[in-house]
Novice: 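Take a look at this one; I'll ask things after.
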Amino acid sequence: MEILYRSTRGAEENVPASKAVLNGLAVDGGLFVPQEFPKLTATLEELANMSYQDVAYEVMSKFLTDYTEEELRYCINSAYDEKFDTPAIAPLHAADNAEFIELFHGKTIAFKDMALSILPYLMTTAAKKNDVKNEIVILTATSGDTGKAAMAGFADVPGTRIIVFYPKGGVSPVQEKQMVTQKGENTYVVSIKGNFDDAQTGVKKIFGNRELEKELDAKGFQFSSANSINIGRLVPQAAYYVYAYAQMVKSGEIKAGEKINIVVPTGNFGNILAAYYAKQMGMPFGKFICASNENKVLFDFFATGKYDKKRDFILTTSPSMDILVSSNLERLVYLIGDCDTAATKARMEALSGQGEYEITEEMKAKLADFCGGFASEEEVSATIADIYAKDKYVIDTHTAVAAAAHRKYVAETGDETKTVIASTASPYKFARAVLHAIDAKYDALTDLEQFDALQEVSGVKIPQAIEDIRTAPVRHDRCVEVAEMENAVKEILGL
Ligand SMILES: *Cc1c(COP(=O)(O)O)cnc(C)c1O
């Protein structure tokens with residue numbers, strides 16, 4: 001069955017997967033969505049005996065139907081190899097009455113590696129298939145982790161350049177150091193004087209500029225996106241939820257067909273939406289608990305049916321979730337709104353114009369699979385300390401938002417369904433906040449001393465990504481006003 005894609009806002013229909021991956025965003029600013037959901041053909045028992053790579057193939061081949069088997073296997077095998085520090089790629093760790101699926105064993109020690117290790121291969125393969133001669137310029141806004149993971153993926157990939165925008169002061173010290181030390185002749189890092197939403201809005205604006213697009217084309221360039229608005233990010237992410245379930249069947253923790261709940265620390269709504277897509281493929285998933293930090297716009301949305309971004313932007317210890325405009329929610333709003341593109345477009349225009357939109361009662365009723373949760377900074381800290389005290393397992397601040405939301409959910413509902421928690425970053429990436437939660441005595445240590453302390457506390461060896469930034473020289477120091485983002489792009493490309 002061939003799967004074609006359309007824009008959530010209606011301007012494009014019947015777009016093959018490779019074109020959707022290549023373009024990133026639809027011409028009307030909408031997001032590409034499958035026109036129907038494919039079903040998994042392998043049984044749960046078969047999946048239980050597959051490697052990560054084979055599960056990824058089972059899932060991705062259903063969505064990316066215009067890639068040949070050879071092409072897709074090449075992409076998967078090139079992405080999920082020794083770059084990951086474990087052959088399991090995404091191992092499970094049992095703690096706190098749940099299974100934590102550790103999505104941080106890739107190059108940049110955050111879950112963004114799961115999709116961004118493969119996106120460059122999907123994109124360059126798509127360029128070849130579609131006879132694209134232009135150089136592809138990846139433009140990305142990052143709240144800290146996407147930028148580094150995207151650059152690690154695209155660095156020195158022939159035929160591509162990558163420009164990353166991040167909010168100055170809005171990312172952790174490790175995240176910033178990782179980005180500004182990025183190697184690769186085709187990588188560019190720009191900090192902006194604004195927050196993540198400013199960066200994301202600025203990038204979307206550049207994408208939407210048709211004049212600029214023409215100018216670029218004349219010079220042999222075209223833009224694409226490595227943000228989770230790209231369908232090529234979502235599809236690889238659906239794979240690890242299937243893999244987590246399959247591994248639980250394999251270990252005998254659940255029976256094939258038994259429902260599980262999934263908790264995801266959420267920012268742009270990409271990771272949790274991928275789990276929801278896996279359910280549409282036939283996976284027996286029960287509730288999706290969408291965990292927010294103090295920027296709890298999604299929690300309020302699930303409670304009231306109203307999305308309202310007009311509120312203060314709070315800087316928390318989980319910066320990759322400091323987001324007020326969750327782009328991928330558009331894909332869910334489209335689905336629960338009977339795939340009505342005009343209505344989706346109107347809502348998204350209301351969001352950018354008036355800062356809010358509302359869904360109907362019928363749409364709200366279709367959100368029964370979702371449950372919003374959130375955790376305050378105190379709860380995040382207490383959860384890290386408690387899970388460490390109880391299970392000797394150290395989790396990062398983002399994962400702790402999810403773990404705290406899970407605890408609250410179980411306390412409120414009594415729902416004891418087996419649960420997978422998406423563990424989205426290594427604690428090393430947020431060492432200062434994590435150690436502070438465990439014991440304030442660590443506050444006095446320097447950044448470098450903290451890594452050694454965390455090694456001792458957690459019993460987990462310092463990852464290569466941390467060793468790398470200890471010595472790497474700074475290569476990028478560009479900083480611009482939000483209004484100057486487009487000019488920065490032009491300057492970098494020599495337009
Ligand atoms: C990006 C990120 C998130 C949020 O994921 P979304 O797909 O944007 O919802 C959570 N935790 C970490 C560590 C991240 O890097």
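Counting starts at 1 for both ligands and their atoms, in listed order.
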Novice: Would you mind running through ligand 1 and noting each atom that sits below 4.0 Å from a heavy atom of Ala425?
Specialist: 13 (C)
Novice: Is Asp452 salt-bridged to Arg470, going by a charged N under 4.0 Å from an acidic O?
Specialist: yes
Novice: Using 4.0 Å as the upper bound for N to carboxylate O, is an ion pair formed by Lys168 and Glu176?
Specialist: yes
Novice: What's the shortest distance from atom 9 (O) of ligand 1 to any protein heavy atom, and which residue and atom give it?
Specialist: Gly267 N, 2.7 Å
Novice: Show, in sequence, the C-alpha distance, side-chain angles and deciding distance for Lys310 and Glu356, and conclude whether the salt bridge (Lys or Arg N to Asp or Glu O under 4.0 Å) test is met.
Specialist: CA-CA 7 Å; Lys310 304 186 302 305; Glu356 60 175 49; 2.5 Å; yes
Novice: So is Pro265 in contact with ligand 1, going by heavy-atom distances below 4.0 Å?
Specialist: yes
Novice: I need the atoms of ligand 1 closer than 4.0 Å to a non-hydrogen atom of Met321, numbered in the order shown.
Specialist: 10 (C)
Novice: Which option wins on minimum heavy-atom distance to atom 14 (C) of ligand 1: Lys429, His398, Lys112?
Specialist: Lys112
Novice: Is the distance from the ring center of Tyr52 to that of Phe84 below 6.0 Å?
Specialist: no
Novice: May I ask you to list the atoms of ligand 1 that are less than 4.0 angstrom from any heavy atom of Thr266?
Specialist: 9 (O)
Novice: Below 6.0 angstrom between ring centroids: does that apply to Phe313 and Phe196?
Specialist: no
Novice: Specify the protein heavy atom at minimum distance from atom 6 (P) of ligand 1: its residue, its atom name, and the distance to 0.1 Å.
Specialist: Asn268 N, 3.5 Å
Novice: Compute the shortest N/O to N/O distance between Asp145 and ligand 1 and return yes if it is under 3.5 Å, no if not.
Specialist: yes
Novice: Fit a plane to each ring of Tyr277 and Phe63, take the angle between them on a 0 to 90° scale, and name the class: parallel (under 30°), tilted (30 to 60°) or perpendicular (over 60°).
Specialist: parallel
Novice: How does Phe269 reach ligand 1, by side chain, by backbone, by both or by neither, if only non-hydrogen atoms under 4.0 Å count?
Specialist: backbone
Novice: What is the nearest protein non-hydrogen atom to atom 7 (O) of ligand 1, stated with its residue, atom name and distance?
Specialist: Asn271 N, 2.9 Å
Novice: Counting non-hydrogen protein atoms only, what is the nearest one to atom 12 (C) of ligand 1? Give residue, atom name and distance.
Specialist: Thr424 OG1, 3.4 Å
Novice: Between Gly270 and ligand 1, does any nitrogen or oxygen pair lie at a separation below 3.5 Å?
Specialist: yes
Novice: Under a 4.0 Å N-O cut-off, is there an ion pair linking Arg432 with Asp447?
Specialist: yes
Novice: Are the side chains of Met179 and His476 in contact, using a 4.5 Å heavy-atom criterion?
Specialist: no
